[in-house]
Protein chains: 2
Amino acid sequence: MVELESPQLNAVFHALGDVTRRRMLRQLSSSERTVSELAEPFDISLAAASKHIKALEAAGLIRREVRGRTHMCRLNPGPMASAHQWLSTYERFWTSRLDLLEQRLREDDARKQSQTSEGDKE
Amino acid sequence: MVELESPQLNAVFHALGDVTRRRMLRQLSSSERTVSELAEPFDISLAAASKHIKALEAAGLIRREVRGRTHMCRLNPGPMASAHQWLSTYERFWTSRLDLLEQRLREDDARKQSQTSEGDKE
DNA sequence: TTCTAATTCAACCATGTGGTTGAATATAGA
DNA sequence: TCTATATTCAACCACATGGTTGAATTAGAA
């Protein structure tokens with residue numbers, strides 16, 4: 001059910017590649033917040049904060065519920081799970097020394113059967 | 001030991017926010033490759049590929065070993081582990097319904113003690 | 001209705017990004 | 001030594017990004 005297509009991942013990783021936005025997510029992990037509440041800790045204009053929030057929303061990382069004139073934002077964890085899952089593919093590379101040995105063997109293997117049939121998708 | 005400071009995370013997430021670079025990492029997960037080997041599947045110039053590789057290197061996601069005139073690249077998993085770990089902080093938000101209930105309670109809690117002492121760092 | 005608060009929009013700016021091409025560098029091989 | 005290969009560098013371009021300011025929009029509150 002978790003989507004791993006590129007456009008989504010692009011947006012998610014891009015959104016996460018900014019400290020301000022990561023801090024906003026951190027804020028939302030304790031409770032939902034309005035736009036002004038999210039903007040408050042930062043020394044930037046409300047308009048700038050609004051743009052950051054739109055980036056998070058575009059990546060699907062947050063959801064917004066308009067209540068009168070205030071916009072209430074809350075975390076939407078799905079895309080984070082996708083990113084997490086994408087990274088998990090590489091988990092064996094950092095987990096154990098044993099896996100490292102295994103990897104070496106697979107490398108030799110791959111090296112033997114020259115460059116026929118590149119199964120790499122993303 | 002895993003570093004979670006912002007500049008590193010910025011570079012890592014930024015590097016991951018591009019399909020070409022993610023595909024390059026995918027290639028490197030089966031075996032180490034030279035610059036030209038990494039560039040081959042893409043319809044871009046070698047110079048462009050070289051830039052992508054530099055971005056991955058800057059993020060610490062790959063290591064390069066110069067062997068004569070060829071540059072051999074291999075995966076460096078550490079920073080991926082950092083990103084993975086960063087995301088893990090939010091794991092409870094997507095794992096179980098029970099955690100979702102717990103989160104609601106924490107939200108109410110946070111809401112009660114107004115906005116005093118924002119402990120949010122990133 | 002009128003004032004004020006919450007948020008976005010639009011225009012603008014400096015800088016970054018991903019791509020190009022052509023030249024430069026350095027090494028392997030004849 | 002001469003030539004071909006592997007890679008980077010430099011200059012350039014179009015467009016995205018993150019920021020600004022000031023005006024517009026919308027909805028509570030008086």
Side-chain angles (χ1 to χ4, degrees), chain A residues 6-25 27-28 31-74 111 114-115 122, chain B residues 6-25 27-28 31-74 111 114-115 122:
Chain A
S6 308
Q8 171 83 324
L9 272 189
N10 282 351
V12 171
F13 280 129
H14 170 256
L16 295 179
D18 183 285
V19 204
T20 302
R21 289 192 285 264
R22 286 200 302 277
R23 294 211 171 112
M24 284 178 164
L25 291 174
Q27 291 184 72
L28 291 174
S31 82
E32 54 178 29
R33 311 260 167 131
T34 68
V35 169
S36 351
E37 282 169 353
L38 280 174
E40 190 272 330
F42 306 103
D43 204 24
I44 58 177
S45 68
L46 250 169
S50 175
K51 283 188 194 174
H52 279 302
I53 293 169
K54 276 204 297 181
L56 290 169
E57 207 180 4
L61 289 164
I62 68 174
R63 285 282 163 69
R64 178 195 310 242
E65 185 190 346
V66 180
R67 297 178 190 165
R69 64 181 161 176
T70 77
H71 297 198
M72 197 54 89
C73 305
R74 64 182 177 293
R111 200 145 287 284
S114 47
Q115 269 93 311
E122 182 177 342
Chain B
S6 308
Q8 170 84 322
L9 271 188
N10 282 350
V12 171
F13 281 128
H14 171 256
L16 295 179
D18 183 285
V19 204
T20 303
R21 289 192 287 261
R22 286 200 301 278
R23 292 209 173 116
M24 284 179 164
L25 291 174
Q27 291 185 70
L28 291 175
S31 82
E32 54 178 27
R33 311 260 167 130
T34 69
V35 169
S36 350
E37 283 169 353
L38 280 173
E40 190 272 329
F42 307 103
D43 203 23
I44 59 177
S45 67
L46 249 168
S50 174
K51 283 189 195 175
H52 279 302
I53 293 169
K54 277 204 300 181
L56 290 168
E57 205 180 6
L61 289 165
I62 69 175
R63 285 281 163 69
R64 177 195 310 241
E65 184 191 345
V66 180
R67 296 179 191 165
R69 64 182 162 175
T70 76
H71 297 200
M72 196 54 88
C73 305
R74 64 183 177 293
R111 200 145 285 284
S114 47
Q115 270 93 311
E122 182 175 341

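Just the heavy atoms: all of them, side chains too, but no hydrogens, waters or symmetry mates, feed the values below. A, B, ... follow the sequence lines: proteins, then strands. Residue 1 opens every chain. Note that the coordinates shown come from a computational prediction; the quantities given were computed from them, not determined experimentally.
As rounded to whole Å, 8 Å separates atom P of D:dT20 from atom CG of A:D43. Whole-Å rounding puts the A:R33 CZ to C:dA6 P distance at 16 Å. C:dG18 atom P lies 12 Å from atom CG of B:L16, rounded to whole Å. For A:K54 and C:dA6, the NZ to C1' distance is 15 Å, given to the nearest whole Å. Taking atom CD1 on A:I53 and atom C1' on C:dA6, their separation rounds to 11 Å, with Å as the unit.
Each of A:R21 and B:L46 lies near DNA chain D, and the nucleotide nearest B:L46 is the one positioned closer to the 5' end. Nearest-nucleotide positions on DNA chain C place A:R69 closer to the 5' end than the other of A:R69 and B:R69.
For the OP1/OP2 pair of D:dG19 and a distance below 4.0 Å, the side-chain nitrogens and oxygens of A:S45 include no atom meeting the criterion. Side-chain nitrogen and oxygen atoms of A:H71 include none within less than 4.0 Å of the OP1 or OP2 phosphate oxygen of D:dT26. For the OP1/OP2 pair of D:dT17 and a distance below 4.0 Å, the side-chain nitrogens and oxygens of A:H14 include at least one atom meeting the criterion. A close approach under 4.0 Å does not occur between any side-chain nitrogen or oxygen of B:K51 and OP1 or OP2 of C:dT20.
In this structure, the side chain of A:R63 does not engage the main chain of A:R74 through any donor-acceptor pair within 3.5 Å. B:E32 places no side-chain N or O within 3.5 Å of a backbone atom of B:M72 that could act as its donor or acceptor partner.
Nearest approach of B:M24 to B:L38, heavy atoms of both residues: O-CD2, 3.8 Å. What you find for B:A55 and B:A15 is that their closest heavy atoms are O-CB, 4.3 Å.
Side-chain atoms of B:I44 lie closest to C:dG19 of the nucleotides C:dG19, D:dT20, D:dG19.
As judged by a 4.0 angstrom heavy-atom cut-off over every strand, B:A55 is placed among residues making no nucleic acid contact.
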